[in-house]
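Quick note: numbers below take in every heavy atom, side chains included, and nothing from hydrogens, waters or symmetry partners.
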Amino acid sequence: MSKTKVCIVGSGNWGSAIAKIVGANAKRLPQFEDRVTMYVYEEMIDGKKLTEIINETHENVKYLKGHKLPENVVAVPDVGDAADGADILIFVVPHAFIKGLSTSLKGRMKPTAVGLSLIKGFDKAEGGGIALISHLITQHLGIPCNVLMGANLANEVAEEHFCETTIGLRDMKMAGIFRDLFQTPNFRVVIVDDVDTVEICGALKNIVACGAGFVDGMKLGDNTKAAVIRLGLMEMIKFVDVFYPGSKLSTFFESCGVADLITTCYGGRNRKVSEAFVTSGKTIKELETEMLNGMKLQGPETAEEVNYMLKNKNMEDKFPLFTAIHKICTSVIKPTELIECIRNHPEHINTYVGHPMEMK
């Protein structure tokens, strides 16, 4: 039997952290090809190409400084070359690049290839809706695409601190190979078949994290922050229930759901930048440039994408926390108005008792 060839499409902070796991497992297990290619957008660092630095030093000095990558992870500056003959493509790039990369990827991977998206966000769709990134990948590349989401802050994963993750699979027959590729003693994998819910959780939690950051910036304490997290979780559940019916409530209690929400609201970049937004008086864009070393901030962009759909469907009032966070990010309202939103949230006015997936 031929061995499974793996390509990682992306090499930022999270892409490099996951490359440590994937590279080590591919090297260790006989069912995978040793060589794992990693597409790296070419940059010059102190007069030298980033791909050359990675391949010589086995360290991504820009996005994951201080962590050695396995020597079998090879940085490739051309995405088509990286994907040549791949069986599994792991997507870890800003979602805006998917359409552009698809032209270079077509015809390079195997016809039987499958994708796995680690991308947290949405894309705007025609007709005032949103598109899931895994669906976009399938649309543009013609391959089935699964998702991996969880409470996985990249630097902690790279440090090999214990954490859990959730993989949503479209074909459960592939559970074994995906578990083998990702699981380690400190990176525990749970596999579910509720793929869209796993992906949606990974996107929506970044909106809530912005709200948590605003609370931190206003120094309102953990009780207020807990209210934002709880109401955010309720809106996440309601969003899936309204727009993607048929999901499982249990998925929200996997790592991709409540665990990812909590860790992002306390330790993620969206929380950190949103706190600075309140305290510095600078714009989100200015802070992204100053604080993130070239990485992208997903929360405000996802809030805008969600609001695009809610506004077109005349449903902003049904998701008041998401709506308020978007308006704060775009300076339509002040951060202090978030508290009024919490005070007057429909869940407080119309006290709900019952099954969360029945909440309307």
Side-chain angles (χ1 to χ4, degrees), residues 6-28 32-84 86 89-98 100-101 104 116-121 148 150 152-163 165 181-182 184 186-187 263-264 267-273 276 285-298:
V6 181
C7 168
I8 302 170
V9 183
S11 58
N13 187 233
W14 184 211
S16 297
I18 211 68
K20 284 190 67 177
I21 291 172
V22 169
N25 281 344
K27 182 73 174 177
R28 179 176 61 87
F32 299 103
E33 278 196 18
D34 282 359
R35 186 175 185 265
V36 173
T37 54
M38 180 171 71
Y39 164 62
V40 176
Y41 177 77
E42 194 69 277
E43 301 177 66
M44 299 301 292
I45 308 292
D46 297 327
K48 195 166 185 178
K49 293 178 179 179
L50 181 57
T51 52
E52 293 178 358
I53 296 171
I54 292 172
N55 289 333
E56 289 171 11
T57 68
H58 308 292
E59 181 182 351
N60 188 334
V61 295
K62 179 164 185 180
Y63 296 109
L64 198 66
K65 194 174 178 64
H67 292 279
K68 288 292 183 181
L69 300 176
E71 293 186 6
N72 60 313
V73 174
V74 179
V76 181
D78 181 275
V79 70
D81 291 343
D84 197 27
L89 290 98
I90 302 167
F91 293 91
V92 208
V93 291
H95 72 264
F97 295 138
I98 291 296
L101 291 175
S104 300
L116 182 77
S117 174
L118 278 63
I119 303 168
K120 297 181 177 180
L148 181 151
N152 307 142
L153 296 178
N155 287 335
E156 294 183 15
V157 172
E159 292 283 357
E160 299 183 23
H161 298 320
F162 180 85
C163 68
T165 199
L181 186 59
F182 287 95
T184 75
N186 289 318
F187 194 73
T263 198
T264 306
R269 71 182 79 154
N270 292 281
R271 186 220 62 80
K272 182 179 178 183
V273 172
K285 198 68 183 173
E286 289 171 336
L287 292 167
E288 182 182 59
T289 302
E290 288 179 15
M291 298 174 66
L292 298 186
N293 189 35
M295 293 184 290
K296 300 297 291 182
L297 192 68
Q298 304 110 321

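Of all the heavy atoms in A154 and A17, the pair that sits closest is O-CB, 3.6 Å. Closest heavy-atom contact between Y63 and G12: CB-C, 3.6 Å. Annotation for L89 and A83: closest pair CD2-CB, 3.8 Å, computed over non-hydrogen atoms. When all heavy atoms are compared, the tightest approach of P70 to A24 is CG-N, 3.7 Å.
Put simply, CD on E42 and NZ on K49 are 5.5 Å apart, with the number rounded to the nearest 0.5 Å. Between the CG atom in N155 and the NE2 atom in H161 there is a gap of 9.5 Å [rounded to 0.5 Å]. Note: L153 CG to T264 OG1 = 6.0 Å, rounded to the nearest 0.5 Å.
For the salt bridge (Lys or Arg N to Asp or Glu O under 4.0 Å) condition, the pairs that include at least one residue of residues 51-67, sequence neighbours left out, are E43-K62, K48-E56.
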Check against side chain to side chain contact (heavy atoms under 4.5 Å, CB included), H95 and Q298: CA-CA 10 Å; H95 72 264; Q298 304 110 321; over 6 Å; no

Step-by-step side chain to side chain contact (heavy atoms under 4.5 Å, CB included) determination, V93 to Y41: CA-CA 10 Å; V93 291; Y41 177 77; over 6 Å; no

Residue pair Y39, T37: steps toward the side chain to side chain contact (heavy atoms under 4.5 Å, CB included) verdict: CA-CA 7 Å; Y39 164 62; T37 54; over 6 Å; no

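In this structure, F162 places its CZ atom where more than 12 heavy-atom neighbours from other residues, nucleotides or ligands lie under 6.0 Å away. Other residues, nucleotides and ligands contribute more than 12 heavy atoms inside 6.0 Å of the CD atom of E290.
For T184, the side-chain contact (heavy atoms from CB on, under 4.5 Å) partners at least two apart in sequence or on another chain are I21, N25, N186, F187. Under the rule for a side-chain contact (heavy atoms from CB on, under 4.5 Å), the partners of A75 that lie at least two apart in sequence or sit in another chain are V40, T51, I54, N55. For N293, the side chain to side chain donor-acceptor pair (under 3.5 Å) criterion is met by no residue, not counting sequence neighbours. With sequence neighbours left out, A26 forms a side-chain contact (heavy atoms from CB on, under 4.5 Å) with F32, V36, N72. Every side-chain contact (heavy atoms from CB on, under 4.5 Å) that A19 has, sequence neighbours left out, goes to I8, M38, L69, V73.
The backbone N or O of L297 sits less than 3.5 Å from a side-chain atom of E288, completing a donor-acceptor pair. For the pair S16 (side chain) and S11 (backbone), a donor-acceptor distance under 3.5 Å is present.
Counting heavy atoms from C-beta on, the side chains of F182 and V22 come closer than 4.5 Å. In this structure, the side chains of N13 and N60 stay at 4.5 Å or more apart for every pair of heavy atoms. Side-chain atoms of R269 and M291, non-hydrogen and from C-beta on, never get closer than 4.5 Å to each other. For the pair V157/C163, a side-chain contact is recorded, criterion being any heavy-atom separation below 4.5 Å from C-beta on. Taking the side chain as every heavy atom from C-beta outward, V9 and F97 never approach each other to under 4.5 Å.
L148 pairs in a side-chain contact (heavy atoms from CB on, under 4.5 Å) with only one of the listed residues (V92, I90, L118), which is L118.
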